[in-house]
Amino acid sequence: MAFRKRFKYIALLFCLTMAVALAADWRAMPAKAAPSANSDSPATTTITIPIGPDYIYIAAGNLNGDGFPDIVTAKTGSYITIFNNGAGGFLAPTRTDIGSSTHYDLRDFNNDGRPDLFYAILPFAFDPWVIHVRLSNVLGEFAPPVITQTGISSTNFVDVAYADFNNDNKVDLSITTSGPGVSLPAGSARVLLGDGSGGFTFSSSNSLRPRGFQVATADFNQDGKQDIAATSLGGSCIPGDCGPALQVLFGDGTGNFPTRNTLTQPGYLIQDFVTGDVNNDGKTDLIGLTFTTALNTVTTLLGTGAGDFVAGGTLTLPGSSLAGTKVADFNNDGKLDVAVVSTNNNVAYIVFGDGIGGFTNIYTLGVGISPRNLTVADFNANGNLDLAVVNASSNSVTALLDPNGSTPALKNLFDFTGDIRADIAVYREGDSPTLGSFWHIRDSNNTNYQSIQFGSGGDKPVPADYNGDNKIEVAVWRPSNGTWYTSTNPAINYAAVQWGANGDIPIPGDFDGDGKADHAVYRPSNGVWYVLRSSDGGFQFQQFGTSTDKPLLGDFDGDGKTDYAFYRPGATATATSFWHVRQSSNGAVIITQFGLGEDKAVPADYDGDVKTDIAVFRPSASTWFTSTNPAINYGAFVWGAAGDVPAPADYDRDGKADLAVFRPGNASWYIRRSTDATLLSEQWGLAGDKPVPASFIP
């Protein structure tokens, strides 16, 4: 629901207050003790960008494919593009005038890896709303709009959220509507299915309580299908059941929503809400603002995983008229935090989460006059999240770089979005060297997704953090010419680097410890590792292994550098296997007997000590052995079935790798969370896809 206009419904709030007072059986949500605000802003670089008056929308995205997030800010009648200069600063804004417009956002509607511009227009006072999508090009420019008629009357369009409701990897819409007044208090959540080219077709209209208000989307009941959560303000009608409510509409995977859950407790009536996992239990929560006239309280509702919620935490902030709710991990502690602006106090707040649904301390950040909305991105590409706030009355955008930059950023292998969780992702290889390959990435935090065409048939996926921004980049290595393609930006020739030869095995590790993956290959023909260092452009090589050994990716001694390591499987299925590791910290070679000939090496950090652990997956018994300590039975655990592909990674953001498999037969993922041993299952991909977190499992 990010990037939309905020309204004050004073008359509607009066009706809401009366309805709440009459509902004597509602339960009040318990509030946790509020932490006190930190009056001192952290060391932050502040950049002010003049843009003109009355701009109230803002969003960020990498528009021109240079790897740096840009800004779009808008108001009714125009939008402004502000390009990132690649050094944490911004170029001069460029303005484009359009008609009476609202509900701006940036989303990738045609799956080309670039965000497109979405907004709605009301042509004339009594005409239906129309949707405009302007597709972006490689220069970050927006094409003339693709237009879709919604059939929604002039007084009805309230809010919009985005999801893939019919599992076709295209962005769909859910639009909440409201009746023209209390006397005709209609409400609905309408669903429009995307065609992958910026257009939409009507799917369903789902009734809500009177006066539908705001909306968010996620898989709330964990059945692999996207659902809708929408609030309604309520109204007078006959028969009853017309009071305010939070309603969860459960999707069937086709764009229809046959069942629902209606929640009428007063504490559940939140607005400006977004989705996230604030208590790290793998279930989607809601984070928003408590419905009061002051609008000064942040609230969490904790998902049960069955489409229901329980009360979480509340925190009343010093400022009122809060807006722009965003969730992200600003202090890099593995727990989601909340950022909002206070329109009356002219500040932005970062409220730090405690990882169980409540809050710890608060940072207060000065911005411009009458801030209306904010967006989150890493504008200076240093691994720490930044804020950009649009100020309606001071005619500016305030960029706040490193609001908590003193905390070092964490990394998570296979985290494409920077939320310190591994993302569920598949690589769909082209059928021939002349046909393109696709990456389909499911954001583990908020269920958004990316579909990126990158690579071609015969290429090997080599995802890694090549630029040091603590996000994994889409990348491939082409055996036919030994070339690495590590950027989706054609302006830099897709970052083509020739390193290696046909027959080599790519291992993109951080061998020099500079925070960036190096181009590295293992050559079975001579057992030599060849590393092109990202730190200085120099190279190094090391003979370590034989033609039948399996090179491994990992930091086994915990010094922040990738070690030379290989797995030597037993000659037969039941013969003993050996691990060989040359530690980068001291050059010592460690040889360990672990596993059998049939086993697959699945090295990862299973115990959270920041060291890669020796581990194997035994296909015949679907058993994981994740410890070399016989006192705990070698960590033996059955997880998976015949034919599964092991794909261990830290999906729950606790610093430990989870046991996970991709099942090609039904293209489903099965993840056993290390935090609480609960099961996550997700259908993502097709039978012939390769799970990206298995890219370096030999």
Side-chain angles (χ1 to χ4, degrees), residues 108-113 162-172 193-197 203 217-219 222-227 251-256 414-417 421-444 447-463 472 474-478 485 488 600 617 619 622 639-649 651 658-671 679-697:
D108 182 7
F109 291 99
N110 61 346
N111 291 333
D112 64 354
Y162 310 85
D164 178 13
F165 293 118
N166 58 346
N167 293 320
D168 64 352
N169 291 336
K170 300 171 185 175
V171 177
D172 309 317
L193 302 180
D195 62 9
S197 301
S203 175
T217 57
D219 180 9
Q222 296 188 317
D223 65 350
K225 303 163 187 175
Q226 291 293 292
D227 310 311
D252 64 2
T254 68
N256 295 305
F414 309 115
D415 170 21
F416 292 88
T417 57
R421 294 175 191 253
D423 300 304
I424 293 173
V426 296
Y427 177 72
R428 190 167 298 163
E429 185 177 346
D431 291 334
S432 73
T434 60
L435 293 179
S437 300
F438 284 84
W439 300 67
H440 298 281
I441 302 168
R442 164 89 148 58
D443 183 345
S444 59
T447 69
N448 290 331
Y449 65 89
Q450 304 175 59
S451 294
I452 302 171
Q453 181 178 345
F454 197 74
S456 59
D459 292 348
K460 294 181 179 294
V462 286
I472 302 303
V474 165
V476 297
W477 183 72
R478 188 159 294 165
Y485 299 93
T488 56
K600 290 182 176 292
F617 173 73
S622 300
W639 188 255
D644 288 352
V645 179
Y651 298 92
D658 305 308
L659 306 185
V661 296
F662 174 74
R663 188 161 296 166
N666 57 8
S668 291
W669 297 69
Y670 299 94
I671 301 170
L679 162 68
L680 297 180
S681 61
E682 178 81 20
Q683 196 285 324
W684 187 256
L686 299 176
D689 293 344
K690 300 176 182 178
V692 172
S695 297
F696 306 112
I697 293 177

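All values below were derived from every heavy atom in this structure, side-chain atoms included, with hydrogens, water molecules and symmetry-related copies excluded.
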Can any side-chain N or O of [X] pair as donor or acceptor with the backbone N or O of [Y] at less than 3.5 Å?
| X | Y | result |
| --- | --- | --- |
| N110 | G196 | no |
| Q683 | G685 | yes |
| E429 | G458 | yes |
| Y449 | A163 | no |

Would you indicate whether the side-chain heavy atoms of [Y] and [X] approach each other to under 4.5 Å?
| X | Y | value |
| --- | --- | --- |
| L679 | W639 | yes |
| D195 | L193 | no |
| R442 | F416 | no |
| F617 | P648 | no |
| R478 | D459 | yes |
| T417 | Q450 | yes |
| Y651 | P693 | yes |
| V462 | S695 | no |

Atom pair [atom1] ([X]) and [atom2] ([Y]), whose distance is rounded to the nearest 0.5 Å:
| X | Y | atom1 | atom2 | result |
| --- | --- | --- | --- | --- |
| D431 | S437 | CG | OG | 9.0 Å |
| R428 | L686 | CZ | CG | 3.5 Å |
| K225 | E682 | NZ | CD | 11.5 Å |
| K170 | N111 | NZ | CG | 8.0 Å |
| T254 | N167 | OG1 | CG | 9.5 Å |
| D227 | D219 | CG | CG | 5.5 Å |

**Report entry** Residue of the set W684, Y670, W669 for which ring pair (Phe, Tyr, Trp, His ring centres under 6.0 Å) holds with F662
**Finding:**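 Only one option passes, and that is W669.
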Please give me the minimum heavy-atom distance between [X] and [Y], naming the atom from each residue.
| X | Y | answer |
| --- | --- | --- |
| A649 | A422 | CB-CB, 3.5 Å |
| V426 | D689 | CG2-OD2, 3.4 Å |
| A667 | A687 | CB-N, 4.1 Å |
| V645 | P664 | CG2-CG, 4.2 Å |
| V692 | P463 | CG1-CG, 3.7 Å |
| A647 | P691 | CB-CB, 4.4 Å |

Query raised in the report: For V474 and I441, what are the C-alpha separation, side-chain angles and deciding distance, and is it a side-chain contact (heavy atoms from CB on, under 4.5 Å)?
Result: CA-CA 10 Å; V474 165; I441 302 168; 4.0 Å; yes
Query - D658 vs L680, side-chain contact (heavy atoms from CB on, under 4.5 Å): CA-CA, chis, key distance, verdict - result: CA-CA 11 Å; D658 305 308; L680 297 180; over 6 Å; no
Query raised in the report: Are R663 and D644 close enough for a salt bridge, meaning some N to O gap below 4.0 Å?
Result: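 Counted as a salt bridge, because a side-chain N and a carboxylate O are separated by less than 4.0 Å.
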Report task. Give the intermediate values and the outcome of side-chain contact (heavy atoms from CB on, under 4.5 Å) for residues N169 and D164. Result -> CA-CA 6 Å; N169 291 336; D164 178 13; 4.0 Å; yes
